[in-house]
Amino acid sequence: MPHEVDMTKALMMSLKDWYSQQTERWPVRRVQLLVGEFTCVEPDLLRTAFAKQKLGTFLENAEIAIRDSPFIAFCRNCEREYKPDINLEYGCPECRAPLDEIRSGRELKIEKVDWDIPVGAER
Ligand SMILES: [Zn+2]
C-alpha cells in the first residue's frame, strides 16, 4: 500500500510542476496514466491514493484514467517477444534464457492531461 501512496505523491509533484509551466491554466478534468504491469502498481490503490491526495489541490476535480501496459520481454536468442512468466523466473519459454530485455511493462508515466477550456478560449 505505501508503494502506491508514494507513487501518487511523486505523480502529483510532476503534475504540479507541469501545471506551473503552462501559460494558460484551465481546470484539469482527467489525467491519463500509463502503468506497466511489471511496476507492481495496483491500479485500484493508485486511484484511491489519488482521490485522497487531490483534495484541496488544483487536481481536486480531476479523475484518473489508467491504461495498462503489458509486461513483454524480448529474447535475443530466439529473436522474439514473449510474455514473462514468474514460474519460469521470467526467462524465455523456448530456450530458457534468463530475462534480458524488457520491451514494455515498466512504465509509470503521465500520458495525457485533459482540461476544460472555457468556451471561446480555444486556440
Ligand atoms: Zn529464447
Side-chain angles (χ1 to χ4, degrees):
M1 174 66 180
H3 187 56
E4 282 78 6
V5 172
D6 288 346
M7 293 251 182
T8 306
K9 274 184 193 152
L11 200 70
M12 303 275 291
M13 269 194 260
S14 332
L15 282 164
K16 210 175 150 192
D17 280 353
W18 167 83
Y19 198 63
S20 67
Q21 284 160 15
Q22 305 305 305
T23 48
E24 291 167 296
R25 297 185 197 113
W26 314 118
V28 175
R29 185 166 25 101
R30 192 163 162 270
V31 177
Q32 186 170 308
L33 302 175
L34 184 67
V35 177
E37 221 181 332
F38 199 50
T39 54
C40 303
V41 170
E42 218 24 89
D44 281 348
L45 294 181
L46 198 64
R47 274 190 203 98
T48 308
F50 183 80
K52 270 188 201 158
Q53 293 184 33
K54 73 176 186 180
L55 299 175
T57 75
F58 72 100
L59 293 167
E60 180 135 22
N61 296 313
E63 59 173 51
I64 214 169
I66 295 172
R67 201 162 73 82
D68 301 316
S69 158
F71 184 22
I72 293 169
F74 182 75
C75 175
R76 279 174 231 221
N77 281 338
C78 308
E79 294 188 325
R80 66 176 205 123
E81 288 182 343
Y82 66 95
K83 178 112 190 98
D85 183 340
I86 193 165
N87 298 316
L88 301 173
E89 293 174 341
Y90 304 121
C92 172
E94 290 299 319
C95 71
R96 302 295 164 103
L99 176 65
D100 182 24
E101 192 181 322
I102 296 177
R103 289 252 159 124
S104 89
R106 268 194 310 202
E107 308 88 339
L108 181 66
K109 64 178 185 192
I110 301 159
E111 267 197 323
K112 198 163 150 239
V113 178
D114 295 329
W115 51 18
D116 286 319
I117 299 175
V119 177
E122 291 98 341
R123 268 166 286 180

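- One finds the CD atom of E4 at 12.0 Å from the CZ atom of R47 (value rounded to the nearest 0.5 Å).
- When the options R103, R106, K83, R67 are evaluated for a salt bridge (Lys or Arg N to Asp or Glu O under 4.0 Å) with E37, the one that passes is K83.
- The shortest non-hydrogen separation linking L59 to K54 is O-CD, 3.4 Å.
- Put simply, the side chain of S14 reaches to within 4.5 Å of the side chain of I110, judged on heavy atoms.
- Rounding to the nearest 0.5 Å gives a distance of 15.5 Å between CZ of R30 and CG of N61.
- From C40, atom SG reaches atom CE of M7 across 8.5 Å, with rounding to the nearest 0.5 Å.
- The distance from atom NZ of K109 to atom CD of Q32, rounded to the nearest 0.5 Å, is 11.0 Å.
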Q: Take Y90 and F71 through the ring pair (Phe, Tyr, Trp, His ring centres under 6.0 Å) test and state the conclusion after the steps.
A: CA-CA 10 Å; Y90 304 121; F71 184 22; 5.6 Å; yes

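- Here the closest non-hydrogen pair linking V5 and A49 is CA-CB, 4.2 Å.
- Between S69 and E107, the side chains place a donor N or O and an acceptor N or O closer than 3.5 Å (distance only, hydrogens not considered).
- Within 6.0 Å of atom CD in E79, 12 or fewer heavy atoms from other residues, nucleotides or ligands are found, so the atom counts as exposed in its surroundings.
- The side chain to side chain donor-acceptor pair (under 3.5 Å) test applied to D85 returns N87, not counting sequence neighbours.
- Contact annotation: the side chain of H3 never approaches that of E42 to less than 4.5 Å [non-hydrogen atoms, C-beta and beyond].
- Note that CD1 of I64 and CG of L11 are 6.0 Å apart. Values are rounded to the nearest 0.5 Å.
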Q: Could you go through the side chain to side chain contact (heavy atoms under 4.5 Å, CB included) check for L45 and T8 one step at a time?
A: CA-CA 10 Å; L45 294 181; T8 306; over 6 Å; no

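- Taking the side chain as every heavy atom from C-beta outward, V28 and D114 never approach each other to under 4.5 Å.
- Taking CG from D100 and CZ from F74, the interatomic distance works out to 9.5 Å, rounded to the nearest 0.5 Å.
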Q: Check step by step if side chain to side chain contact (heavy atoms under 4.5 Å, CB included) holds for L108 and L34.
A: CA-CA 6 Å; L108 181 66; L34 184 67; over 6 Å; no

